[in-house]
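Down below is the structure, laid out as structure tokens.
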Number of protein chains: 2
Amino acid sequence: MSCSQEYTPQLRARGYRMTPQRHAILHVLCHSGKHLSPSEVYVRAQKQVAGLTEATVYRTLEFLAENGLARPSHVGNGRLVYEIANHEHHHIKCRNCGDEMEVEHNLLKSMYQKLESASGYQLTDSHVTFFGLCPDCQKGE
Amino acid sequence: MSCSQEYTPQLRARGYRMTPQRHAILHVLCHSGKHLSPSEVYVRAQKQVAGLTEATVYRTLEFLAENGLARPSHVGNGRLVYEIANHEHHHIKCRNCGDEMEVEHNLLKSMYQKLESASGYQLTDSHVTFFGLCPDCQKGE
DNA sequence: TTCCTTATTGCAAAAAGTTGCAATAACATA
DNA sequence: TATGTTATTGCAACTTTTTGCAATAAGGAA
Ligand SMILES: [Mn+2]
Ligand SMILES: [Mn+2]
Ligand SMILES: [Zn+2]
Ligand SMILES: [Zn+2]
């Protein structure tokens with residue numbers, strides 16, 4: 001409740017509105033430390049907002065991502081998951097066992113700068129998932 | 001035809017089979033320099049293999065990706081696209097106008113090594129899309 | 001408080017992607 | 001070349017995600 005309240009002025013400032021649906025979805029994201037699929041968000045948010053629709057959840061998650069309040073992530077199965085945007089990080093995931101670890105953005109910072117100067121682009125997103133083999137699964141290879 | 005023929009032994013060696021469907025889909029990927037969506041692949045491959053199913057296209061693209069013959073890519077709309085795996089590269093895409101450019105893997109190589117030593121993971125995939133603002137769209141900001 | 005504008009939602013239909021299963025056909029073996 | 005094994009396909013049902021549109025309600029202004 002409080003967690004999502006702080007986002008209201010951010011939305012207002014951009015001409016958007018705070019709604020019970022957005023409150024509930026932000027609340028769910030805030031209080032889950034991990035990536036959630038749209039249907040996971042739906043199930044949890046539904047308990048706070050009767051009549052909530054899955055279509056609204058999909059649209060809201062996309063909306064929050066566009067406005068920098070949530071981060072989308074491709075975790076490898078082709079489906080999007082989301083999390084609250086509170087700290088910059090990336091992920092490394094094992095192709096074999098699915099094990100996953102976080103990587104500080106700091107580690108990629110110099111590469112981001114190199115990319116920017118080489119391309120002229122100004123990079124905005126920083127939530128990438130890299131794939132590989134974890135230490136354990138390398139042994140089995 | 002010839003392009004896809006060369007993949008036959010690779011598949012055989014792993015206990016898989018070359019089929020008209022896989023031929024056609026590999027042919028389509030080989031002769032299109034760009035990322036294709038499953039349905040784009042379907043439309044083109046269908047002309048060579050009557051009766052080809054969309055389900056088969058989805059399964060085949062995933063199969064080719066798992067075996068390193070094709071590269072899947074998340075281009076930002078949440079949908080997967082594919083291309084033939086012939087050279088290592090990445091992409092930078094503009095969040096505003098959609099403009100996209102290729103980036104040599106070389107530019108990220110040292111970062112990949114840093115990631116590997118920091119995490120203990122052995123990175124396998126190298127086909128990442130970074131997002132930002134292109135030079136033109138930065139001016140409009 | 002009341003009114004007005006329009007951003008947002010729910011609904012329902014459509015599109016995209018996945019899956020179980022029986023029939024088919026690739027290809028190794030003899 | 002004929003045979004047997006089983007990887008692969010098509011089909012159809014199902015799940016997930018997207019979209020158009022009319023009804024609703026957030027919140028600025030009076
Ligand atoms: Mn994350
Ligand atoms: Mn590519
Ligand atoms: Zn592993
Ligand atoms: Zn641009």
Side-chain angles (χ1 to χ4, degrees), chain A residues 4-5 7-28 35-67 69-70 72-82, chain B residues 4-5 7-28 35-67 69-70 72-82:
Chain A
S4 50
Q5 203 56 258
Y7 294 115
T8 305
Q10 294 188 50
L11 294 183
R12 294 264 178 84
R14 301 187 185 202
Y16 300 121
R17 298 171 182 177
M18 181 52 83
T19 66
Q21 292 84 352
R22 287 178 180 170
H23 256 131
I25 289 168
L26 279 165
H27 182 73
V28 166
H35 295 171
L36 293 178
S37 70
S39 75
E40 285 172 325
V41 171
Y42 171 67
V43 168
R44 302 185 191 195
Q46 204 184 19
K47 292 168 185 166
Q48 296 173 61
V49 180
L52 178 65
T53 311
E54 286 190 294
T56 296
V57 172
Y58 280 102
R59 276 189 290 223
T60 300
L61 289 172
E62 192 181 349
F63 166 83
L64 294 176
E66 275 171 359
N67 287 279
L69 305 189
S73 177
H74 291 286
V75 282
N77 54 14
R79 301 244 164 102
L80 275 180
V81 292
Y82 292 86
Chain B
S4 50
Q5 203 57 259
Y7 294 116
T8 305
Q10 293 189 50
L11 295 183
R12 295 262 177 85
R14 300 185 185 205
Y16 300 122
R17 299 171 184 176
M18 181 53 83
T19 66
Q21 292 85 352
R22 286 178 181 170
H23 256 133
I25 289 169
L26 279 165
H27 182 72
V28 165
H35 296 170
L36 293 178
S37 70
S39 75
E40 286 171 325
V41 172
Y42 170 65
V43 168
R44 303 186 189 194
Q46 205 183 19
K47 293 170 185 166
Q48 296 174 63
V49 180
L52 179 66
T53 310
E54 286 191 294
T56 295
V57 172
Y58 281 106
R59 276 189 291 224
T60 300
L61 289 171
E62 193 182 349
F63 166 83
L64 294 175
E66 275 172 358
N67 287 279
L69 305 190
S73 177
H74 291 286
V75 281
N77 56 13
R79 303 243 164 102
L80 276 180
V81 291
Y82 292 85

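Just so it is clear, the structure is predicted and the values come from calculations on it, not from any experiment. Within every chain, numbering begins at 1; the chains are lettered A, B, ... in the order of the sequence lines, protein sequences first and strands thereafter.
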Check [X] against [Y] and note the closest heavy-atom contact, atom names and distance.
{"X": "B/Pro38", "Y": "B/Val57", "answer": "O-CG1, 3.5 Å"}
{"X": "A/Pro72", "Y": "A/Ala65", "answer": "CD-CB, 3.9 Å"}
{"X": "B/Leu80", "Y": "A/Gly78", "answer": "CD1-CA, 4.2 Å"}
{"X": "B/Ser73", "Y": "B/His35", "answer": "OG-CE1, 3.7 Å"}
{"X": "A/Leu52", "Y": "A/Gln46", "answer": "CD2-N, 3.8 Å"}

Can you confirm whether [X] sits close enough to [Y] that some side-chain heavy atom of one is under 4.5 Å from a side-chain heavy atom of the other?
{"X": "A/Val41", "Y": "A/Tyr82", "result": "no"}
{"X": "B/Val28", "Y": "B/Gln48", "result": "yes"}
{"X": "A/Leu36", "Y": "A/Leu61", "result": "no"}

Scan A/Gly51 against the nucleic acid and name what it touches under 4.0 Å (heavy atoms): base, sugar-phosphate only, or nothing.
->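 Sugar-phosphate, no base atom in range.
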
When you match B/Arg59 and B/Gly78 each to their closest nucleotide on DNA chain D, which lands nearer the 5' end?
->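 Its nucleotide being nearer the 5' end, the pick is B/Arg59.
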
Return the set of residues passing side chain to side chain contact (heavy atoms under 4.5 Å, CB included) with B/Ser39 (not counting sequence neighbours), or none when no residue passes.
->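 With sequence neighbours excluded, B/Ser39 shows a side chain to side chain contact (heavy atoms under 4.5 Å, CB included) to B/Ser37, B/Glu54, given in chain and number order.
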
Quickly work out the B/Asn77 CG to D/dT18 P distance and round it to whole Å.
->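 In whole Å, D/dT18 P and B/Asn77 CG are 9 Å from each other.
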
Chain B contact limits on DNA chain C, taken 5' to 3' with a cut-off of 4.0 angstrom to heavy atoms |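 The contact span of chain B on DNA chain C goes from C/dA16 to C/dA28.
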
Quick one: side chain to side chain donor-acceptor pair (under 3.5 Å) pairs with a partner in residues 8-19 of chain B, sequence neighbours left out?
->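 Side chain to side chain donor-acceptor pair (under 3.5 Å) check on residues 8-19 of chain B returns B/Gln5-B/Thr8, B/Arg14-B/Asn67, B/Thr19-B/Gln21.
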
Atom [atom1] in [X], atom [atom2] in [Y]: separation rounded to 0.5 Å?
{"X": "A/Leu69", "Y": "A/Thr60", "atom1": "CG", "atom2": "OG1", "value": "11.5 Å"}
{"X": "B/Tyr42", "Y": "B/Thr53", "atom1": "OH", "atom2": "OG1", "value": "7.0 Å"}
{"X": "B/Arg22", "Y": "B/Arg59", "atom1": "CZ", "atom2": "CZ", "value": "10.5 Å"}

For nucleotides 12-17 of chain D, list the nitrogen or oxygen atoms of the protein found under 3.5 Å from its nitrogen or oxygen atoms, one pair per line.
residue, atom, partner, partner atom, Å
D/dT17, OP2, A/Tyr58, OH, 2.1
D/dT17, O5', A/Tyr58, OH, 2.9

Angle of first-five versus last-five pair axes in the helix from C/dT1-D/dA30 to C/dA30-D/dT1, to 10 degrees |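 Answer for the end axes of this duplex: 30°.
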
Strand-adjacent residues in residues 13-22 of chain B, judged by heavy atoms under 4.0 Å from DNA chain D |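 When residues 13-22 of chain B is checked for heavy atoms under 4.0 Å from DNA chain D, the hits, listed by number, are B/Gly15, B/Tyr16, B/Arg17, B/Thr19, B/Gln21, B/Arg22.
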
Residue whose nearest DNA chain C nucleotide is more 5′ - B/Arg12 or A/Val57 =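 Here A/Val57 is the residue nearer the 5' end.
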
